[in-house]
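Each remark here refers to the structure printed beneath this line.
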Amino acid sequence: MRLTVSTGLLLLLSGCGQATVAQAAGENLRVQIPAGLSLAGTARALSGAGLIGPAPLQQKARDPAFAASLGIQAAGGLEGYLAPGEYSFPRAAGAEAILRAMVQRQRSVLASHREAGRDERELLVLASLVQRETEIPEDRGLLASVFWTRLDRDFQLESQASLRYALAGGEPVDWSRAVEPGALALDHPCNTFLHAGLPPQPICSPGPEAIRAAAEARPAAHPFLFRGRDGRYRFGLEDGEAEAIAAVPADPEPAQLTHDTHYLASNEHRHDHFRPRIDRIGGVFIGVGTDQNFSLAAWARSELLVLLDFDQMVVDLHRAYRAAFLHTDSPEDFVKLWKPPSRALREIIRRTYPRSWQSAWQAARTGRYVIPTRYAEMAELQRERGVPTFLSDPADYAYVAQLFRTGRVLIVRGDLTAHRTMRRLAEVLERCGRKVRLLYVSNAEQYFRYTPQFRKNVFGLPHDERSLILRTRTAGPTRHDYIYNAQPFGHFRQCVEQAGVRHISKLVPRSLFRADRPLYDIPYPFELLVKTHKPKKRGSFPRVKLPRP
């Protein structure tokens with residue numbers, strides 16, 4: 001950005017607010033402050049322009065008495081009130097004169113939107129989030145609408161920009177900084193992943209366009225947005241994605257089901273062990289089984305949900321679930337449809353699938369006992385352990401419902417060990433530039449070996465260093481005792497290819513189950529006892545160790 005001074009002084013100002021003086025002359029300095037700088041960034045920019053140093057400027061801007069003299073009562077002082085734009089200041093201008101001029105301009109902009117009926121402080125805070133969340137002007141109105149909608153519903157705003165501001169700790173903010181998963185737990189008032197409502201202060205000084213977008217925004221159709229490969233925000237999938245994903249073919253039905261049983265409700269009760277590992281991990285979620293996938297995908301804030309199972313009745317049940325999500329607005333209304341499957345649910349399924357409703361309704365009827373029982377157990381777990389699920393957290397429920405309503409759910413009959421569905425799904429996801437962040441296989445690995453086709457299916461999925469395989473394994477004396485394991489894709493590949501692991505029993509032995517700590521981490525380095533055909537002596541086996549990925 002080129003900045004000029006009235007006397008010929010040339011300033012170069014970067015997006016982080018760094019100014020460099022090329023030559024100096026005259027008494028007045030004309031500087032251009034870009035929109036979106038924090039208070040610390042603005043102070044550094046003004047100092048770089050040859051004006052007052054950043055320390056005294058920040059000290060004055062954070063002085064509650066000085067802020068009160070300007071009619072501002074806020075914990076963040078003048079954060080957000082230093083309007084961007086072009087200014088001309090005397091070279092010897094003091095902090096008070098500079099700050100008064102910038103605050104006066106920002107409040108003038110805010111006053112021009114009084115007819116919108118928004119509180120000035122709330123408007124400024126939300127506009128600051130909008131300013132830093134997107135560089136695309138056309139997206140600001142949509143983003144503001146979604147933020148206001150979340151506030152109306154008491155949902156967390158989940159703004160990465162506000163978290164970056166919190167992580168900066170009062171220093172100039174690196175707005176391009178990648179947010180690490182562990183940072184989501186930062187206990188800071190501006191961490192909108194942890195705290196509901198608006199941050200207590202703006203995170204930057206928004207420009208007039210961002211303020212206008214926040215002031216004129218209307219309620220959004222949905223409370224969540226997804227950012228595409230082009231950086232644009234949208235609700236649905238990108239052009240061509242929906243058609244390509246819907247065209248993924250189904251695998252043939254299996255000759256026999258596991259134990260000749262339809263598993264229409266999960267009996268795994270501690271999926272919350274996975275939550276710290278998958279929180280807001282994003283990407284594509286592929287899961288077998290039924291209701292557990294909804295809570296897992298909501299915690300992960302997955303952008304695409306693939307519900308895959310080789311039992312056609314489970315697939316049909318997911319079609320019934322889709323109908324219920326499309327026609328209910330709260331978890332309470334959703335649960336009522338299944339206590340037991342009611343006439344209302346039957347009519348909803350008929351309206352959703354006029355020509356093929358019978359199979360979905362039959363699946364719902366078949367699960368008329370186990371599904372309500374499962375929901376009652378989930379409610380009890382929430383009361384006892386405070387474990388939120390899609391049936392107890394309105395935001396999680398809204399997220400799953402929105403995935404269905406915006407076409408971001410694929411329901412398909414697929415086999416983890418077969419050659420068609422997984423292979424074609426990998427091709428489509430690769431072509432769409434999407435990464436599989438979570439592959440939830442439940443306890444399916446107990447019933448097959450790691451065949452070459454299975455390995456090809458798993459490792460053919462587009463993934464990255466954050467991608468995880470989530471699995472369970474029955475272990476204890478009751479049907480509710482499971483070992484829970486989250487393993488990086490890369491480590492799993494090392495185990496099966498370098499150590500010769502061919503079954504889950506080698507990765508997650510049942511003997512390691514502890515009722516008080518069911519989450520099991522496969523150790524680094526992984527150590528496997530590999531039996532040879534002719535051991536040198538009884539009980540002597542070579543050890544294979546894998547390095548930490």
Side-chain angles (χ1 to χ4, degrees), residues 146 149-156 196 219-226 235-236 264-266 271 285 287 289-307 313-354 356-383 387-411:
V146 167
T149 299
R150 289 194 205 175
L151 289 172
D152 290 342
R153 300 192 189 185
D154 294 324
F155 294 173
Q156 280 103 337
H222 303 288
F224 297 96
L225 277 172
F226 304 92
F235 292 121
L264 300 182
S266 175
H271 294 108
F285 178 101
T290 54
D291 55 87
Q292 64 269 54
N293 290 292
F294 303 138
S295 288
L296 292 170
W299 295 340
R301 292 296 188 260
S302 301
E303 299 158 9
L304 179 66
L305 172 58
V306 179
L307 299 169
M313 184 164 287
V314 172
V315 175
D316 291 334
L317 178 61
H318 278 309
R319 294 175 65 237
Y321 275 136
R322 175 177 178 269
F325 277 115
L326 292 179
H327 293 88
T328 54
D329 295 323
S330 69
E332 293 78 15
D333 292 340
F334 181 90
V335 170
K336 287 178 183 178
L337 294 175
W338 301 89
K339 285 187 169 181
S342 62
R343 180 178 299 178
L345 178 59
R346 183 174 183 269
E347 292 307 310
I348 285 173
I349 294 174
R350 283 176 65 104
R351 293 203 306 268
T352 307
Y353 311 105
S356 59
W357 64 273
Q358 290 91 344
S359 59
W361 172 242
Q362 181 58 42
R365 287 279 298 163
T366 303
R368 63 186 178 275
Y369 299 118
V370 295
I371 293 174
T373 300
R374 164 68 173 168
Y375 291 167
E377 292 173 342
M378 289 171 65
E380 182 178 356
L381 186 65
Q382 198 278 331
R383 288 192 298 269
V387 178
T389 69
F390 77 100
L391 293 180
S392 62
D393 188 316
D396 284 354
Y397 178 84
Y399 191 89
V400 178
Q402 182 174 325
L403 290 176
F404 279 99
R405 294 172 185 179
T406 56
R408 290 178 173 268
V409 179
L410 170 65
I411 302 171

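A search for side chain to side chain donor-acceptor pair (under 3.5 Å) contacts involving Gln358 returns nothing, not counting sequence neighbours. Remark: Ala220 engages Ser145, Val146, Thr149, Phe235 in a side chain to side chain contact (heavy atoms under 4.5 Å, CB included) (not counting sequence neighbours). Tyr399 meets the side chain to side chain donor-acceptor pair (under 3.5 Å) test with no other residue; sequence neighbours excluded. Shown here are the side chain to side chain donor-acceptor pair (under 3.5 Å) partners of Gln382, two or more places apart in sequence or in another chain: there are none. For the salt bridge (charged side-chain N to carboxylate O under 4.0 Å, His left out) test, no residue two or more places apart in sequence or in another chain qualifies with Asp393. Every residue two or more places apart in sequence or in another chain that forms a side chain to side chain contact (heavy atoms under 4.5 Å, CB included) with Ser302 is listed here: Phe285, Ala297, Ala300.
Applying the side-chain hydrogen bond (donor to acceptor under 3.5 Å, both in side chains) definition to pairs two or more places apart or across chains, those involving residues 330-339 are Ser330-Glu332, Ser330-Asp333. Residue pairs meeting the salt bridge (Lys or Arg N to Asp or Glu O under 4.0 Å) criterion with at least one partner in residues 402-411, sequence neighbours excluded, are Asp329-Arg405. Sorted pairs that involve residues 341-352 and meet side-chain hydrogen bond (donor to acceptor under 3.5 Å, both in side chains), not counting sequence neighbours, are lacking altogether.
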Distance-only donor-acceptor pairs under 3.5 Å for side chains of residues 315-324, two or more places apart:
residue, atom, partner, partner atom, Å
Asp316, OD1, Gln312, NE2, 3.0
His318, NE2, Gly289, O, 2.8
Arg319, NH1, Ser359, OG, 3.0
Arg319, NH2, Ser356, O, 3.2
Arg319, NH2, Ser356, OG, 2.9
Tyr321, OH, Tyr375, OH, 3.0
Arg322, NH1, Tyr353, OH, 3.4

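When every heavy atom of Met378 is checked against every heavy atom of Asp291, the shortest pair comes out as SD-OD1, 4.0 Å. In plain terms, the two heavy atoms of Ala265 and Thr290 that are nearest each other are CA-OG1, 3.5 Å. Here the shortest heavy-atom pairing between Gly367 and Pro372 reads O-CD, 3.7 Å.
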